[in-house]
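Read through the structure below, which is laid out as C-alpha cells, and then see the notes.
Order of listing sets the numbers, starting from 1, for every ligand and every atom in it.
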Amino acid sequence: MLAAVRLEGVELRVVHLPLVTPFTTSFGTQTVREAIVVRARTSDGDGWGEIVTQEAPVYSSEYTRGAWDVAERFLVPALLSPAAVAPGEVASILHPFLGHRMVKAGLELAVLDAALRTAGQSLASHLGATNTRIPSGVSVGIQRDPSALVDAVAAYLDAGYVRIKIKIEPGRDLGDTAAVRAAFPGIPLQVDANSAYTLDDIDTLAGLDRFGLLMVEQPLGDDDLVDHAALARRISTPICLDESITSEKAARDALTLGAAAVINVKAGRVGGYLEALRIHDLCRAAGTPVWCGGMLETGIGRAANAALAALPGFTLPGDVSASDRFYARDIVIDPIALDDGHVRVPTGPGIGADVDEAALEEVTVARLDLR
Ligand code: NPG
C-alpha cells in the first residue's frame, strides 16, 4: 500500500476550457468544458486531480456549483482533519457523505498523484497496467445532418482514430448510423444514446442490429437495470452501460441481471480510479470486456485515463483521444497526442503529466484555498 501523505491544504479551481468545436449529445451542446482542478498540497509536494462535473446536472445529478459546495463544506475538511492520509483511505474517509462521486474521484486522484510522486511510481504501474500504448477511439457529437456527420467521421479516421463512436438521440439514430455505416462499411463503430430512450422505443433500438455495431451504449435510463436486461433479450447489438454503473456493486448487479455485455469504466462516475480498478477486476474475472470512457478531461484526467486504459481487461478501444480533439491549449505541458491511432501511456511519477501553471491560470475562473 502507498504511504500516507501529510495534506497541508487543498486548492480548488473552476476552469473553463474552450472546445475546438461544439460537442452535442442527447443531453445538450457544450462549447466550453467547465471542470474543477484540484491541487493537494502536501509536505512533499503537490498532487493534481480533476473533478469532471459540468455546469448543469444533465449527464448525472452532479454539477459544478454543487461539487464546489460539497467539497468546501464537507469533503475537503474531512480529508484535512487527520494528520496524514493514504490514497487507499480517501474513499472510506469520504464514505459518510453520500453520492458526489465525481468530487470524491477528483480528491482521491490528487492525493494519489501526490503519494505516487513522492514514491516515484507512475499511476499506470500502481494500477497494474500491462500496455505501454493504447488504441484510441473518438466520440463524435451529433452534427447538423447525416452528411456533416459523415464528413466529421472521415476527418477523425484520417487523423488515425481506430474506433468511432457516434452520439444518437430519438430522431437522429437509424438515419445517422446508416449514413456512417454506408460511407465506412468496415470500421469499428458504436453508438451512444446517453439514456435517451425507453422500452417503448424497442423497434428503433432493434433497428440498430443491422449495422454490425460493436455496441449500443446506455440506451435507457441510468436506473433502468431491469429494463436494460429486458432489452438485451430483444436485440442482438451488445449493450454497454455507462451512466448506470456508479460503483463496483452496480457493475456486479448489472452483470448478474444480464443488463450489460460490456462496461464503460469512468473513474469520475464511480468515485475514483481505485473503484474503477475494482470494476476492471470484477469484469475481467467475469470475462466481460471493459473500455475507458471519457468526460472531456483536461490533461490531468486524460493522463490518468490513459494509465487506467492500459490495464489488461481494457480489451476494447476507449474514448481516450488526443487532447487536441477537444482543446487548442491544454493545461498540462505535454498533452496526450495521437501516434498511429494510439496514445502513449504516461510513465512519469504520479499521473505522468505536469501542469502548465501559466495555462491553468489563464483558464481559471474561480479559486479557493482550503487549509
Ligand atoms: O472523449 O472525453 C471524451 C468524450 C467522450 O462522449 C464522450 N463523453 O456520454 O460518455 C459520454 C460523454 C460525456 C461527456 C459524458 C461529458 C459526460 C460529460
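- Under the 4.0 Å criterion applied to side-chain N and carboxylate O atoms, R41 and D369 are assigned as salt-bridge partners.
- Listed by atom number, the atoms of ligand 1 under 4.0 Å from D192 heavy atoms are 9 (O), 10 (O), 11 (C).
- For the side-chain contact (heavy atoms from CB on, under 4.5 Å) test with V138, the passing option among L338, D319, I164 is I164; the others fail.
- The closest approach between a heavy atom of S321 and any atom of ligand 1 is below 4.0 Å.
- Between the S136 side chain and the V320 main chain, a donor and an acceptor come within less than 3.5 Å of each other.
- For the pair R163 and W291, the cation-pi criterion (under 6.0 Å, within 45° of the ring axis) is fulfilled.
- Contact atoms of ligand 1 toward Q54: 18 (C) (distance under 4.0 Å to a heavy atom of the residue).
- An N or O contact shorter than 3.5 Å is missing between E217 and ligand 1 by distance.
- Within the set V58, D319, V320, the minimum heavy-atom distance to atom 5 (C) of ligand 1 is found for D319.
- Annotation: F27 places no N or O atom under 3.5 Å from an N or O atom of ligand 1; distance criterion only.
- Taking the charged nitrogens against the carboxylate oxygens, E275 and R278 do have a contact shorter than 4.0 Å, which makes a salt bridge.
- Counting heavy atoms only, K167 comes closest to atom 12 (C) of ligand 1 of the residues R325, K167, M295.
- Neither the backbone nor the side chain of V138 has a heavy atom within less than 4.0 Å of ligand 1.
- Within the 4.0 Å heavy-atom shell around ligand 1 one finds K165.
- Taking a cut-off of under 4.0 Å to the non-hydrogen atoms of K266, the atoms of ligand 1 that pass are 9 (O), 10 (O), 11 (C), 15 (C).
- Salt bridge annotation for R33-E50: absent, with no cationic side-chain nitrogen under 4.0 angstrom from a carboxylate oxygen.
- Salt bridge absent: E8 and R371 never bring a charged side-chain N and a carboxylate O closer than 4.0 Å.
- Annotation: S139 places an N or O atom under 3.5 Å from an N or O atom of ligand 1; distance criterion only.
- Among residues two or more places apart in sequence or in another chain, the ring pair (Phe, Tyr, Trp, His ring centres under 6.0 Å) test is passed with F326 by F23.
- In L296, the parts holding a heavy atom less than 4.0 Å from any atom of ligand 1 are both the side chain and the backbone.
- For atom 8 (N) of ligand 1, the closest heavy atom belonging to the protein is G294 O, 2.9 Å.
- Using a 4.0 Å cut-off between charged side-chain N and carboxylate O, R101 and E62 make no salt bridge.
- Annotation: ring-ring contact (aromatic ring centres under 6.0 Å, His included) contacts involving residues 91-125, sequence neighbours excluded, comprise F74-F97.
- Residue contacts with ligand 1: N194 is placed with a nitrogen or oxygen under 3.5 Å of a nitrogen or oxygen of the ligand (distance criterion only).
- Only the side chain of D242 comes within 4.0 Å of ligand 1, judged by heavy-atom distances.
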